[in-house]
Amino acid sequence: MATPCSSFEEIHRAGAARTGKLTLSHGTLSTPAFMPVGTAGSVKALDPRDIVATGAEMVLANTYHLWVRPGHKQIAKLGGLHRFMNWDGPILTDSGGFQIFSLKKFCKVTEEGCRFRSPLDGEWRFLSPELAIEIQETLGVDVAMVLDECIEWPADRERVQRSTQRTTRWLKRCIAARQAPSETAVFGIVQGGFYEDLRVEHAQEIRELQLDGFAIGGLSVGEPKEELLRMVEVAAPHLPRDKPRYLMGVGYPWDIVEAVSRGVDLFDCVLPTRSARFGGLFTSVGRINIKHARYKDDSNPLDPACTCYTCRSFSRAYLRHLFISGEALAPRLLTLHNLTFYQNLMKRLQEAIASGPESLESLRKEAWGWERRFGDSTPC
RNA sequence: GUGAGUGUAGCUCAGCUGGCAGAGCAUCGGAUUGUGAUUCCGAGGGUCGUGGGUUCAAGUCCCAUCACUCACC
């Protein structure tokens with residue numbers, strides 16, 4: 001049963017893929033959609049006008065980071081996260097579950113929750129499922145994620161089972177902790193490691209709970225490439241059709257195309273933003289590293305098929321110069337391009353799905369060609 | 001002209017009482033999947049100014065020479 005703050009409507013289908021409309025407190029977006037990552041309340045190197053220009057309709061921020069600094073109460077005092085970062089559209093916050101994985105060295109998980117040693121002041125801070133929800137509701141975000149434990153790969157079956165069961169208990173505590181009337185929807189997260197039966201079991205178990213959407217988590221943690229799509233393929237069919245499906249932290253453009261083909265609606269990933277800051281660009285002609293000397297005299301745009309401000313205005317040679325010189329303009333222009341590439345991909349996916357399975361199939365083939373290393377391999 | 005100092009990787013420099021030539025930056029390549037990320041990993045690159053000498057062994061000690069820098073005439 002959905003709360004009034006969130007609704008999802010499926011519009012077109014092509015095989016397992018689908019387009020839809022997701023309505024949240026701060027607006028409606030078309031799916032499949034990609035959310036740029038703005039961990040600390042900022043999509044690194046961009047301002048909100050830039051984010052809008054890329055075509056993004058929704059952004060992701062992080063509970064853990066905003067809790068540690070500047071603090072959710074401080075943000076609430078300043079009018080909530082939307083006003084604080086001057087973003088009018090929907091915001092989803094990750095719960096801090098991924099930090100249990102990525103900050104493993106600095107935290108200790110118990111049944112009660114997770115103790116983190118803050119890198120800022122060395123203080124221990126305790127994040128419980130209840131607090132994770134409280135923080136996200138205090139921030140006033142559109143979608144809160146339940147606190148889960150993101151498990152490392154590889155992990156033995158017993159460890160995965162124990163962890164996933166605890167994630168379920170935490171999930172129920174998150175639901176119980178919700179404020180009755182709230183502008184914040186809550187999404188659950190499917191875990192289960194890389195065991196197909198555990199994935200299915202967990203999906204079936206939590207689909208019965210009162211949640212506004214369902215995420216597939218615990219993927220892209222170092223596993224072999226094929227494993228990711230295998231788990232998506234296994235879990236997605238067991239999630240309700242009338243709720244959005246969100247694949248957390250994924251991924252490369254070709255991963256997204258494949259996941260959409262398997263029924264996923266929502267994505268986020270640091271790759272386009274981080275990669276841009278390190279000089280790596282996604283283009284219609286493949287991946288480009290702007291540092292390479294081969295672009296020194298290249299007066300062509302980054303991506304001849306792209307209409308973003310960066311590609312309309314500057315040459316590869318200039319962008320390389322900016323990057324090599326450490327100019328602040330470089331990360332901005334490159335991030336602008338990568339996010340535009342991702343948003344255009346989502347638009348094309350929506351159009352392809354609306355046109356039917358053959359269009360989607362041809363887009364899948366094209367996407368595999370963008371990755372040089374895997375350009376010759378057959379899509380799974 | 002006199003005195004002193006400095007010459008080692010593209011650049012800035014380490015290299016102790018002799019023991020297989022080093023770092024940072026730069027260059028080149030790779031990684032990055034719910035951001036601890038302006039990050040991480042790797043590679044190429046030097047006849048140690050030049051010529052002699054001492055020594056089993058010299059970037060290192062000695063002599064000569066060249067270049068540059070500074071100070072004083």
Side-chain angles (χ1 to χ4, degrees), chain A residues 34-45 59-66 68-69 91-107 116-120 122 132 136 143-151 153 167 187-191 213-225 227-229 231-232 246-256 258-259 264 266-282 287 289-296 320 322-332 334-335 338 342 371-373:
Chain A
F34 179 84
M35 301 177 281
V37 176
T39 303
S42 147
V43 175
K44 293 186 196 300
V59 300
L60 176 145
N62 189 289
T63 301
Y64 170 82
H65 296 268
L66 294 174
V68 171
R69 180 170 61 187
I91 301 175
L92 176 148
T93 35
D94 182 29
S95 59
F98 185 71
Q99 278 59 49
I100 295 177
F101 166 75
S102 65
L103 302 180
K104 205 171 189 163
K105 298 170 278 196
F106 307 105
C107 70
F116 287 96
R117 194 167 59 223
S118 164
L120 302 179
Q136 295 176 88
V143 178
M145 298 305 299
V146 296
L147 186 67
D148 66 333
E149 185 182 22
C150 182
I151 319 160
W153 182 91
T167 284
F187 284 14
I189 304 173
V190 178
Q191 288 291 341
F214 294 85
I216 302 172
L219 301 181
S220 295
V221 290
E223 75 278 9
K225 219 172 162 50
E227 294 289 278
L228 189 159
L229 292 175
M231 288 304 123
V232 172
Y246 163 33
L247 178 54
M248 304 185 79
V250 173
Y252 285 94
W254 36 95
D255 291 336
I256 290 175
E258 292 304 314
V264 176
L266 209 50
F267 300 85
D268 80 280
C269 189
V270 301
L271 212 47
T273 41
R274 176 187 290 172
S275 186
R277 295 196 307 283
F278 297 168
L281 290 317
F282 296 95
R287 295 176 74 181
N289 186 334
I290 200 65
K291 287 182 294 188
H292 288 184
R294 67 179 75 110
Y295 304 119
K296 199 168 61 174
R320 177 176 188 273
L322 290 179
F323 191 85
I324 302 262
S325 308
E327 287 292 328
L329 187 53
R332 173 165 170 252
L334 298 179
T335 301
N338 268 358
Y342 268 64
E371 159 64 293
R372 280 171 301 179
R373 282 188 308 143

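Order of the sequence lines sets the chain letters (A, B, ...), proteins ahead of strands, with each chain counted from 1.
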Grab the two heavy atoms, one from [X] and one from [Y], that are nearest each other, plus how far apart they are.
X	Y	answer
A:Q136	A:T93	OE1-OG1, 2.8 Å
A:A259	A:L247	CB-CD2, 3.6 Å
A:D255	A:L229	O-CD2, 4.2 Å
A:F101	A:C150	CB-O, 3.4 Å

Protein-nucleotide distance ([X], atom [atom1]; [N], atom [atom2]), rounded to Å:
X	N	atom1	atom2	value
A:L66	B:rU35	CG	P	11 Å
A:D268	B:rU32	CG	P	17 Å
A:R287	B:rU33	CZ	P	11 Å
A:N289	B:rU39	CG	P	14 Å
A:L219	B:rU32	CG	C1'	17 Å
A:Y342	B:rU32	OH	P	11 Å
A:F323	B:rC28	CZ	P	12 Å
A:D94	B:rU33	CG	P	15 Å

Inset, instruction - Between A:S275 and A:L103, just flag the one whose closest nucleotide in RNA chain B comes earlier from the 5' side. - result: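 Closest to the 5' end, via its nearest nucleotide, is A:S275.
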
Is the distance from OP1 or OP2 of [N] to the nearest side-chain N or O of [X] less than 4.0 Å?
X	N	value
A:Y252	B:rU32	yes
A:N62	B:rU35	yes
A:R277	B:rC40	no
A:H292	B:rG30	yes

Side chains of [X] and [Y] in contact at under 4.5 Å (non-hydrogen atoms):
X	Y	result
A:N338	A:L334	no
A:L271	A:F282	yes
A:Y252	A:R287	yes

[M] and [N], which share atom name [atom1], separated by this distance in whole Å:
N	M	atom1	answer
B:rG45	B:rU27	C1'	9 Å
B:rU54	B:rU60	C1'	14 Å
B:rU50	B:rC11	P	15 Å
B:rC70	B:rA64	P	25 Å
B:rG59	B:rG49	C1'	12 Å
B:rG51	B:rC66	P	15 Å
B:rG15	B:rC61	P	12 Å
B:rC72	B:rC63	C1'	27 Å

Legend entry - Closest to the A:K291 side chain, choosing from B:rG30, B:rG34, B:rU33: B:rG30

Distance criterion of 3.5 Å, no angle test: do you see the side chain of [X] paired donor-to-acceptor with the base of [N]?
X	N	value
A:R274	B:rU35	yes
A:D148	B:rG34	yes
A:S102	B:rU35	no

Inset, instruction - For the residue pair A:F34 and A:Y342, categorise the inter-ring angle as parallel (less than 30°), tilted (30 to 60°) or perpendicular (more than 60°). - result: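 A:F34 vs A:Y342 ring planes: tilted.
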
Inset, instruction - For A:V143 and A:I91, run side chain to side chain contact (heavy atoms under 4.5 Å, CB included): C-alpha distance rounded to whole Å, both residues' side-chain angles, the deciding distance at 0.1 Å, then the answer. - result: CA-CA 6 Å; A:V143 178; A:I91 301 175; over 6 Å; no

Look at all strands and tell whether [X] reaches a base, only sugar-phosphate, or nothing, counting heavy atoms closer than 4.0 Å.
X	result
A:E223	nothing
A:L271	sugar-phosphate
A:D255	base
A:L60	sugar-phosphate
A:G218	base
A:R320	sugar-phosphate
A:I324	sugar-phosphate

Inset, instruction - Mind listing the residues from residues 36-45 of chain A sitting with a heavy atom below 4.0 Å of RNA chain B? Number order is fine. - result: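 When residues 36-45 of chain A is checked for heavy atoms under 4.0 Å from RNA chain B, the hits, listed by number, are A:V37, A:T39, A:K44.
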
Inset, instruction - I would like to know whether A:Y246 and A:F214 meet ring pair (Phe, Tyr, Trp, His ring centres under 6.0 Å); could you show each step before the answer? - result: CA-CA 6 Å; A:Y246 163 33; A:F214 294 85; over 10 Å; no

Legend entry - RNA chain B: stems of at least 3 consecutive Watson-Crick or G-U pairs whose donor-acceptor distances fall under 3.5 Å: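 For RNA chain B the paired stretches long enough to count as stems (3 pairs minimum) are B:1-7 with B:66-72, B:10-13 with B:22-25, B:27-31 with B:39-43, B:49-53 with B:61-65.
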
Inset, instruction - Report the C-alpha separation of A:M145 and A:L92 in whole Å, then their side-chain angles, then the decisive distance to 0.1 Å, and conclude whether the side chain to side chain contact (heavy atoms under 4.5 Å, CB included) test is met. - result: CA-CA 8 Å; A:M145 298 305 299; A:L92 176 148; 3.9 Å; yes

Inset, instruction - Kindly confirm whether the side-chain ring of A:F278 is stacked on the base of B:rU39, judged by centres under 5.5 Å and planes under 30°. - result: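 A:F278 ring centre within cut-off of B:rU39 base, planes near parallel; stacks.
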
Legend entry - Which residues share a side-chain contact (heavy atoms from CB on, under 4.5 Å) with A:S102, sequence neighbours left out: A:F98, A:Q99

